Amino acid sequence: MPESVSAPGQRTLVLGGARSGKSAFAESLVTGGAVRYLATAIPDPADTDFADRIAAHRARRPAEWTVIDAADPAAELRTAHPGATLVDDMGTWLTARLDARAGWDAPRGTIGPDTDVLVDAVAGYRERLVLVTPEVGLGVIPATRSGRLFRDEIGTLNQRLAQVCDEAFLVVAGLPLRLK
């Protein structure tokens with residue numbers, strides 16, 4: 001595993017594709033001490049597959065971690081935590097923001113104010129912070145407008161988060177590669 005300096009104000013971005021191991025790697029960066037886990041997923045009781053994925057994440061995490069369902073992680077980051085904070089993940093947050101703003105059929109940039117607030121909160125956070133986000137720009141151009149919109153918006157968000165984070169990793173096949 002690459003060495004990661006876990007300084008109190010260290011901000012780390014962990015990118016990776018689906019099932020790449022990005023969440024497990026991010027969790028390994030915050031072991032030891034108090035951890036606040038901001039879960040951005042908004043579960044749909046009718047979606048049993050997604051519920052199973054959430055359950056697998058919960059089972060993997062230590063019981064002493066404080067888990068907060070955080071539809072608005074920027075609001076949570078306004079409050080310091082006496083340990084590490086892990087946000088998992090920015091893709092589910094982005095999807096929820098697009099849903100909330102009816103952004104799927106709106107012009108690109110509709111969620112710009114939301115991403116501005118989030119990036120500002122990350123930049124201003126002074127405690128240990130690890131963010132998990134999907135990297136979706138390595139494949140083909142999506143065939144649907146919604147797919148292209150998500151790819152474009154998450155790509156822009158990831159670039160902005162990488163700029164304000166102190167370090168960044170790309171996880172592929174469970175192997176982390178330090179980018180910054």
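Worth saying up front: this structure is predicted, and the values here are computed from it rather than measured.
Separation of atoms CG (L157) and CG (L94) is listed at 6.5 Å; rounding is to 0.5 Å. How far CZ of R11 is from CG of L131: 9.5 Å, rounded to the nearest 0.5 Å. Atom-to-atom distance recorded for L13:CG and L179:CG is 8.5 Å, nearest 0.5 angstrom. Expressed to the nearest 0.5 Å, how far SG of C165 lies from CG of L129 amounts to 6.5 Å.
Partners of P113 by side-chain contact (heavy atoms from CB on, under 4.5 Å), not counting sequence neighbours, listed by chain and number: R101. Here D120 pairs with nothing under the salt bridge (Lys or Arg N to Asp or Glu O under 4.0 Å) rule; sequence neighbours left out.
Here the closest non-hydrogen pair linking P82 and A34 is O-CB, 3.9 Å. Of all the heavy atoms in T133 and G91, the pair that sits closest is OG1-N, 4.5 Å. Closest of all the heavy-atom pairs between L38 and A70 is CB-CB, 3.9 Å. The minimum heavy-atom distance between A26 and V132, with the atom names listed, is CB-CG2, 3.4 Å. Residues H81 and V35 approach most closely at NE2-C, 3.7 Å, considering heavy atoms.
Note on residues 39-51: pairs passing salt bridge (charged side-chain N to carboxylate O under 4.0 Å, His left out), not counting sequence neighbours, are D49-R53. Sorted by first then second residue, the salt bridge (charged side-chain N to carboxylate O under 4.0 Å, His left out) pairs that include residues 131-153, not counting sequence neighbours, are R108-D152. Annotation: side-chain hydrogen bond (donor to acceptor under 3.5 Å, both in side chains) contacts involving residues 84-93, sequence neighbours excluded, comprise S23-D88, R36-T85, Y37-D88, T40-T92, T85-Y125, D89-T92. Note on residues 64-80: no pairs pass side-chain hydrogen bond (donor to acceptor under 3.5 Å, both in side chains), not counting sequence neighbours.
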| query | Where do T12 and R128 land on the side chain to side chain donor-acceptor pair (under 3.5 Å) test, with the steps shown first? | reply | CA-CA 8 Å; T12 303; R128 179 72 174 116; 2.8 Å; yes

| Candidate pair V87 and V130, rule side-chain contact (heavy atoms from CB on, under 4.5 Å), full reasoning | CA-CA 6 Å; V87 182; V130 177; over 6 Å; no

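Panel note: side chain K180, backbone D166; no donor-acceptor pair is recorded below 3.5 Å. Distance alone, capped at 3.5 Å, is enough to place a donor-acceptor pair between the K22 side chain and the G17 backbone.
A single hydrophobic cluster is not seen to contain both V122 and V117; linkage of ILVMFWY side chains at heavy-atom distances under 4.5 Å, directly or through other members, places them apart. The cluster map of Ile, Leu, Val, Met, Phe, Trp and Tyr, joined by side-chain heavy atoms under 4.5 Å apart, puts I111 and W104 in the same cluster.
Under the 4.5 Å side-chain criterion, counting only non-hydrogen atoms from C-beta, L170 is not in contact with P176. Put simply, the side chain of L118 reaches to within 4.5 Å of the side chain of P73, judged on heavy atoms. Between F150 and T95 the shortest side-chain heavy-atom distance falls below 4.5 Å. For the pair L29 and V14, the minimum side-chain heavy-atom distance is below 4.5 Å.
Residue L138 places its CG atom among more than 12 non-hydrogen atoms of other residues, nucleotides or ligands, all under 6.0 Å distant.
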